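Each remark here refers to the structure printed beneath this line.
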Amino acid sequence: MKTHLALTLLLCTTLTACKPNSDSSPDLLTESQIEQEIDDILPQLTLDEKIALIHAQSKFSSPGVARLGIPELWMSDGPHGVRAEICWDSWSYAGQTNDCVTAFPSLTALAATWSQSLATEYGAALGREARYRGKNVLLGPGVNICRTPLGGRNFEYMGEDPLLVAQTAVAYIEGLQGEGVAACVKHFALNNQEVDRCEIEVHVSDRTLREIYLPAFEASVRQAHVWSIMGAYNVYNGEHCCHNKKLNNILKGEWAFDGATITDWGGAHSTEQSIANGLDLEMGTYTNGLTSGKSFAYDNYYLAKPYRDAINEGRADMQTLDDKVRRVLRLNLRTHNRIGHGRVGSSDHSDIARRVAREGIVLLKNEAQTLPLDSQTTMRIAVVGENATRSMTRAGGSSELKPLYEVSPLEGIQKTFRNAQITYAMGYSSGKSSYGRVNEPTENQATLHAEAVDLAKQSDLVIFVGGLNKNHQQDCEAGDRISYKLPFGQEDLIKDIASANKNIIVVLLSGNAVEMKWEENVRATLMAWHLGSECGNAIADILSGRTCPSGKLPITFYEELTDCGAIAHGAESYPGAEKHQTYKEELLVGYRYTSTQNIRPHYPFGHGLSYTTFSLQNATVSNVASVNGAATIEVDVCNTGSREGAEVVQVYVGKKDSQVFRPTNELRGYQKVWLSPGETQRVCIAIPERRLAYWDEAKNDWHIEKGRYTAYIGTSVSDTPIEIDFEVR
């Protein structure tokens, strides 16, 4: 038997795993060598070996071929950390003691940094931790659009705008795959709610699909060259998304995706459709606790014995099977194509987690410069709220983590404000975390409420730490929120505390926007998302002014829930009726709806305050004489304040005389820049021609209109003081 590079590679990886500094070892095989290796392996595989390669052998692995030196593929849930080890045949945790990791901030927090360089560092750190844990594929990032603020998995996604999501995802993927671990971009496509997620059939126009819901997937394939993609649970165009003819034609035909498509766990429903519509690797079918036994479960997957029988009976061809096997082998070789063992829980990973958390925190309100607080203050500070001490990493569904450590907001505040007299009151209780059901709290809510108000009366300042958590029907998989309001009596508690003490700062931990009619009673508000291991340290960094806030909202905070386009069109639009829903708002998702309908949001997309001030001036636009080049916006950004800080220059574009309907303005470019006091920097933002195009349904292609466009330049979608017209001729 010929010695294969795959076997040699596996041996080399094992032999060099203990060598120092092996993290930086170069890749061993080029892409052309990988293809040559696959060409050599394919003819030597038996039919049974080919079939085995394309379906699971356990909850999170698929088999290799030992006799040819082809190792197994091991996967882990993400997208903001490597999940603890799951048992081979059940969803129970294996109870290991060496599967703790760094918990990184949620992807909404990452998007709120508006920083591609940070996203790359974030992905690379995840890759190193995944390699240390022996994982080939990390199931993330999630790039579905946050269509409503009720979405249970919005915290795992990157906001409501397709450009921001796409660019953040590309950077994340490049960082992760640069470490030899495959990203598995999910969920392809239109998985924008958890209600009826396995049965709901989404009806959406082709133009809306292309302009809103597919750009991040396309960028992941065409720009980041992602190695795997996970199908969605829902139905589109009459077929489940994990084996959907139309989506597969776009993915593998139009975009020329050369990686492997993987089901979401239990997302396959048909052998025939799985064969014909591009499914490459089936995971998680029959995930009912395997009461029928291991052999039944894995051998009877849709791409297991039924597929082998179809080939033997002439109902399926070998060419299609070989394409699936080739893609899985390509994924296997790419992810085993690195020497080194990675690392987990290192100080540099903690530093990356803290920097992402700090830059993701959004200062929403800061009345009379209440913030920052003096770190040497001797004030009596009351910290109130269950979220000040509650873990936000150990629940939420498949993205839950087992962190090496987790600094709570209370701990971070105590460590930073050492001279202050800090006391704590729970204020409210939400009950224990539980996947798929609501657990009512056992504590007496009235007593907790009264204790918090009494403490506020005795304090100079109150820091209220509330928001959502990872309970069912909050920020959690398998269920959407049932209310836009803050849960568990928090709104009344904030009002009563404010009546007792006017000096109140609210810190929201949440992956979603919330109704904020209570905010008139508070001095300052921070949107802090779910921040992982370094949560408390990052919040204290912002409260104390150690770091100047620079986060910007990747979602819209609506004044009323019905100000959201998807909600405004009734139940047929969200959450659907009789297992069908129509995206009636079409292109008007998020700020596109509020801007076009002249609805004032509570906080607009892109909003975020700072402890310093900035000015934008001397804007110009060039290179727009022809669509053969990109438009380039240039503007001077000056830090006019007294401390270092960062501003995100945002460019929105509209076309008032368009021959087709367009939203009033759409994000077409942005750049984050850090400046010292008094410093000015010229920022250049290129707008490629594709960003000016719309999807022409009649031509089934992108089309760029000639004529006049307007660039709106500013620091949020509602704050664009500079307008420049330009022509595309």
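The shown structure was predicted, so the numbers you read here are calculated from the model rather than taken from an experiment.
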Practice problem: Report yes or no: is the cationic atom of K655 (NZ for Lys, CZ for Arg) under 6.0 Å from the centre of the six-membered ring of Y709, at an angle within 45° of the ring normal? | Solution: yes

Exercise. Indicate the ring-plane relationship of F155 and H530, choosing parallel, tilted or perpendicular according to the 30° and 60° boundaries.
Key: perpendicular

Self-check item: Expected output: side-chain S274 to main-chain S270 donor-acceptor under 3.5 Å
Solution: yes

Quiz item: If only atom types and distance count, is the side chain of Y484 paired as donor or acceptor with the main-chain N or O of Y558 below 3.5 Å?
Solution: yes

Quiz item: Is the cationic atom of R147 (NZ for Lys, CZ for Arg) positioned less than 6.0 Å from the six-membered ring centroid of Y574 and within 45 degrees of its normal?
Solution: no

Exercise. Decide yes or no on ring-ring contact (aromatic ring centres under 6.0 Å, His included) for W114 and F605, but give the supporting numbers first.
Key: CA-CA 12 Å; W114 292 59; F605 175 85; 5.5 Å; yes

Quiz prompt | H203 and H580 aromatic ring geometry - parallel, tilted or perpendicular at 30°/60° bounds | solution = parallel

Practice problem: Enter the distance from N277:CG to N244:CG here, rounded to the nearest 0.5 Å. | Solution: 7.0 Å

Quiz item: When you check the gap from the basic side-chain N to the acidic O, do K246 and D206 get nearer than 4.0 Å?
Solution: yes

Quiz item: Any chance CD of Q659 has more than 12 other-residue heavy atoms, nucleotides or ligands included, within less than 6.0 Å?
Solution: no

Quiz item: Y307 and Y302: aromatic ring centres closer than 6.0 Å?
Solution: no

Self-check item: Pair E585, H569: side-chain N/O donor-acceptor within cut-off below 3.5 Å
Solution: no

Quiz item: Checking R690 against W702: charged group under 6.0 Å from the ring centre and within 45 degrees of the axis?
Solution: yes

Exercise. Output the distance between atom NE2 (H80) and atom CZ (R83), rounded to the nearest 0.5 Å.
Key: 10.5 Å

Quiz item: Does one side chain, of Y233 or E199, offer a donor that lies under 3.5 Å from an acceptor on the other?
Solution: no

Practice problem: Using distance alone, with no hydrogens and no angle criterion, decide if N191 and N144 have a side-chain donor and acceptor under 3.5 Å apart. | Solution: no

Quiz prompt | Any donor-acceptor pair under 3.5 Å from K579 side chain to I200 backbone | solution = no

Quiz item: Do side-chain atoms of H240 reach the backbone of A268 as a donor and acceptor pair under 3.5 angstrom?
Solution: no

Practice problem: Would you please say whether a donor-acceptor pair under 3.5 Å links the side chains of D480 and Q193? | Solution: no

Quiz item: Taking the six-membered ring for Trp, are the ring centroids of Y652 and Y712 within less than 6.0 Å of each other?
Solution: no

Quiz item: Aromatic ring centroids of H703 and Y694 under 6.0 Å?
Solution: yes

Exercise. Give a yes or no on whether the backbone of G467 and the side-chain of S510 come within a donor-acceptor separation of less than 3.5 Å.
Key: no

Quiz prompt | Validation row: E515, E491 side chains within 4.5 angstrom (heavy atoms) | solution = yes

Quiz item: Is the shortest side-chain N to carboxylate O distance from K186 to D264 below 4.0 Å?
Solution: no

Practice problem: Run the salt-bridge test on D323 and R327 with the 4.0 Å N-O cut-off and return the result as yes or no. | Solution: yes

Quiz item: Do D77 and L401 touch side chain to side chain, with heavy atoms closer than 4.5 Å?
Solution: no

Self-check item: Sidechain-backbone polar pair: Q473 side chain, V438 backbone, donor-acceptor under 3.5 Å
Solution: no

Quiz item: Is any side-chain N of the basic residue among D280 and K252 closer than 4.0 Å to the acidic one's carboxylate O?
Solution: yes

Self-check item: Check ion pair R394-E400 (N to O, under 4.0 angstrom)
Solution: no

Quiz item: Do E572 and T582 meet the criterion of a side-chain donor-acceptor pair at a distance under 3.5 Å?
Solution: no

Quiz item: Would E586 and R207 pass as an ion pair if we require N to O under 4.0 Å?
Solution: no

Self-check item: Carboxylate-amine/guanidinium proximity below 4.0 Å for K517 and E519
Solution: no

Self-check item: Ring-ring centroid check W227 F257, cutoff 6.0 Å
Solution: no

Quiz item: Any salt bridge between R662 and E211, counting N to O under 4.0 Å?
Solution: no

Exercise. Check whether the side chains of R315 and T271 place a donor and an acceptor atom closer than 3.5 Å, and report yes or no.
Key: no

Quiz prompt | Ionic contact status for D475 with R481, cut-off 4.0 Å | solution = no

Quiz item: Do the charged groups of R592 and E160 touch, with an N to O distance under 4.0 Å?
Solution: no

Practice problem: Any chance you could measure Q650, atom CD, to K552, atom NZ, to the nearest 0.5 Å? | Solution: 6.0 Å

Quiz item: When the ring centroid of Y301 is compared with that of W265, is the distance short of 6.0 Å?
Solution: no

Exercise. Please answer whether the main-chain N or O of I145 pairs with a side-chain N or O of N192 as donor and acceptor at a distance below 3.5 Å.
Key: yes

Quiz item: Do E282 and T285 have side-chain atoms, one donor and one acceptor, less than 3.5 Å apart?
Solution: yes

